[in-house]
Amino acid sequence: MLQYSQCKIDYRRDSIEELRKKIAEILRIRESEIKWIKILKKSMDARKKPQIYYSYSVAFECAQEQKVLQKNRKDKNLSVHVPQPSLEDMVPKLKKETGERVVIVGTGPAGLLCGYYLALCGRKPLLIERGAPMWERVGKVSAFWKDGILDPETNVSFGEGGAGTFSDGKLNTGVKDKTGKKKFILDTFMQHGAPEEIGYLSKPHIGTDELRGVIQSMGETIRQSGGTYQFHTKLTGFRYVEEESGPGQKQLRAVVVENERGETEEIPCEKCVLAIGHSARDTFSMLYEDGTVMEQKPFAVGVRVEHPQQSINKMQYGVEDPRLPAADYKLTGKTSDGRGVYSFCMCPGGYVVNASTEPGGTVVNGMSDHARDSAHANSAIVVTVDRRDFGSDDVLAGVAFQRRLEEKTWQTGRGMIPVQRYGDFVKGVPTTELDHSLPMTKGKFVPADVKKILPSYISNGIMEGMRRFGQKITDFDAEETLVLGTETRTSSPVRILRNSEFESENRKGIYPCGEGAGYAGGIMSAAMDGLRVALQIVSERNNQQL
């Protein structure tokens, strides 16, 4: 089997037939000689807009492959195809009962992939989730967006699938992986209903609408493989035995939870994977009081900015054509005081959503369906913050910092999403009417003064960034751009320290994992971390049996 990279096709003629024809033309063979072709990677090249191409890498079979290689030996894009490693080959064919119980706290990407792999290996994990199962969760979130009645336990962050359930479902990651984890995750998603294109697009995404079905299907596979779920079950503590290995070292014996009936329940287990998500603030407090080793972690805060998607398309492509996908962007810079300012979680054709989890606090996030077909594009424009801004060395000072901003946001919008024209944001005057363009939101919104919510170093940083970004994308900083507040949960404000075996530094049997523990940022990196922890747990048990 051969592989060809960087094969460019005009977007107007994009098809597998055109791709086959192009490969044959480049290699000087007949189309009929190409027996089979598979897309490995597809990306867009708009550097010479409005001339826009799709760039492909493909694997294919053809007649007389050695002769084709020799004939085109000077073409560096042609090579012998080497398949990626697959973790599926590492799933035991014969599954033995181990007697070891693993409890996974949280069913977001990290907990879901950890539980999925352990279940395939016959480990029968128990996944506990403070929120509701998918069908109930979707109903409660929809009701919150409609009437503002918040359930602190089931919302945009808590419930089956975690915060990723109500997002764009982006699956791209900067994490380098040659071990097959990324491929395993994408293949798993596709096996459970995700579109095949996520396996080869350079910037794959599922979309919140299709992701929900994928999550439920994976959950069913976990159950069929012997795993179990307990919803409406919140972690409240642990039971340990003292370890002789050193002061402060404790060995896990059970997790303590508040179950669906509101009763305290103890669940015996040898291992607990903490995949709690970046918004589990009460769990952070419990872990801190419990003595689990943690530290502050920098993150970023800011606002959502919204533009007409048509404008972003024209800016990025130089042409308007419905055959082109909704355009995205990624922007980065530095402020005059040395802080990072950048776009985050860009949602083409998406919505700004009220993602609140606590009464009296408002936080926003971005979300898109698979089609990305709303009229607007949005992204967070955020500025980095750290210990100097939190006002304390306390481990949970970052949490308190987030809460202060979210409370001010709630007061400014009276529980609704506050919206301001960027021109008013710059001038420091409230927006009283939205004349031309209403924002695309999930949850009610109100014209307001978003700028007054933010410390000056953040609002100034946003304006510096917007000016620079306006030089890269025309009219990005136009007065009509909408600013929606506030985005405070770009990543976890803490890191739960772990050793090289992914185990807590002073709590044996506890495995901090994913975004909430401070080791990931987004669906794919969290899923990969969950898979990494699952592999460690399986290997530990196998080594003990040897």
Side-chain angles (χ1 to χ4, degrees), residues 100-108 110-111 114-115 125-130 157-158 162 233-258 264-299 357 387 390 392-403 489 491-521 526 529-530 532-534 536-537 540:
E100 179 182 66
R101 192 172 201 186
V102 181
V103 173
I104 299 170
V105 184
T107 61
C114 183
L126 168 62
L127 290 82
I128 66 173
E129 168 59 56
R130 67 190 295 167
S157 286
F158 302 145
T233 301
K234 182 163 69 172
L235 176 70
T236 58
F238 304 98
R239 179 168 64 81
Y240 305 102
V241 294
E242 293 291 337
E243 274 285 303
E244 298 179 358
S245 55
Q249 289 286 345
K250 295 183 177 182
Q251 172 65 54
L252 180 69
R253 284 292 178 264
V255 296
V256 182
V257 303
E258 181 182 299
T264 298
E265 178 185 349
E266 193 173 277
I267 302 174
C269 63
E270 287 72 41
K271 298 186 187 298
C272 174
V273 178
L274 289 177
I276 56 179
H278 63 37
S279 292
R281 293 166 170 172
D282 48 2
T283 308
F284 293 153
S285 296
M286 181 274 289
L287 293 169
Y288 180 60
E289 293 168 6
D290 182 68
T292 304
V293 179
M294 305 165 63
E295 65 182 12
Q296 284 185 10
K297 188 178 76 60
F299 52 99
T357 61
R387 187 185 304 269
F390 302 156
S392 169
D393 289 334
D394 185 274
V395 169
L396 301 179
V399 174
F401 179 84
Q402 289 175 328
R403 275 196 172 120
R489 304 191 196 178
S491 66
S492 179
V494 302
R495 177 172 286 112
I496 307 170
L497 300 186
R498 66 188 189 188
N499 59 26
S500 58
E501 284 75 42
F502 306 103
E503 200 171 28
S504 165
E505 288 194 348
N506 68 334
R507 297 290 186 263
K508 296 192 72 175
I510 292 180
Y511 294 78
C513 177
E515 191 161 350
Y519 296 98
D529 199 54
R532 205 175 286 122
V533 169
Q536 175 66 28
I537 290 172
E540 285 175 0

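Along the sequence shown, residues are numbered consecutively beginning with 1.
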Indicate yes or no: at least one non-hydrogen side-chain atom of [X] is less than 4.5 angstrom from one of [Y].
X	Y	value
Val293	Tyr288	no
Leu252	Cys269	yes
Glu266	Val257	no
Met294	Arg495	no
Cys272	Tyr511	no
Ser492	Lys297	yes
Ser285	Leu396	yes
Arg101	Lys271	no

Residues in salt bridge (Lys or Arg N to Asp or Glu O under 4.0 Å) with Lys234, at least two apart?
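Once residues adjacent in sequence are excluded, the partners of Lys234 under the salt bridge (Lys or Arg N to Asp or Glu O under 4.0 Å) criterion are Glu153, Asp282.
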Does the side chain of Thr236 pick up a donor-acceptor pair with the side chain of Glu258 at under 3.5 Å?
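Their side chains do not contain a donor-acceptor pair, so the 3.5 Å distance test is not met.
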Going by side chain to side chain donor-acceptor pair (under 3.5 Å), name the residues that satisfy it together with [X], two or more places apart in sequence or in a different chain.
X	answer
Arg403	Glu358
Asp393	Arg387
Ser504	Asn506
Thr357	Arg489

For [X] and [Y], work out which heavy atoms get closest and say how close.
X	Y	result
Thr292	Ile496	CG2-CG2, 3.8 Å
Pro268	Ala254	CA-CB, 3.8 Å
Ser491	Glu515	CA-OE2, 4.1 Å
Pro493	Gln402	CG-OE1, 3.7 Å
Ala397	Ser392	CB-O, 3.7 Å
Cys513	Val273	CB-CG1, 3.8 Å

Begin from the C-alpha positions of Tyr240 and Gln251 and carry the test side-chain contact (heavy atoms from CB on, under 4.5 Å) through to its verdict.
CA-CA 5 Å; Tyr240 305 102; Gln251 172 65 54; 5.9 Å; no
Non-neighbouring partners of Phe299 that pass ring-ring contact (aromatic ring centres under 6.0 Å, His included), sequence neighbours left out
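With neighbours one apart ignored, the set is Phe390.
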Interatomic spacing from [atom1] in [X] to [atom2] in [Y] - rounded to 0.5 Å:
X	Y	atom1	atom2	answer
Glu270	Glu100	CD	CD	6.0 Å
Ile104	Ile128	CD1	CD1	10.0 Å
Leu274	Cys114	CG	SG	11.0 Å
Ile276	Phe284	CD1	CZ	4.5 Å
Tyr519	Arg498	OH	CZ	5.5 Å
Gln536	Phe502	CD	CZ	6.0 Å

side-chain contact (heavy atoms from CB on, under 4.5 Å), that's the test. Do Leu126 and Val102 meet it? Break it down for me.
CA-CA 6 Å; Leu126 168 62; Val102 181; over 6 Å; no
Using a 3.5 Å distance criterion without hydrogens, assess whether the side chain of Glu503 forms a donor-acceptor pair with backbone atoms of Lys508.
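Judged by distance alone, no pair lies under 3.5 Å.
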Cation-pi check for Phe238 against Arg507: NZ or CZ below 6.0 Å from the six-membered ring centre and within 45 degrees of the axis, yes or no?
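Not flagged: Arg507 not positioned over aromatic ring of Phe238.
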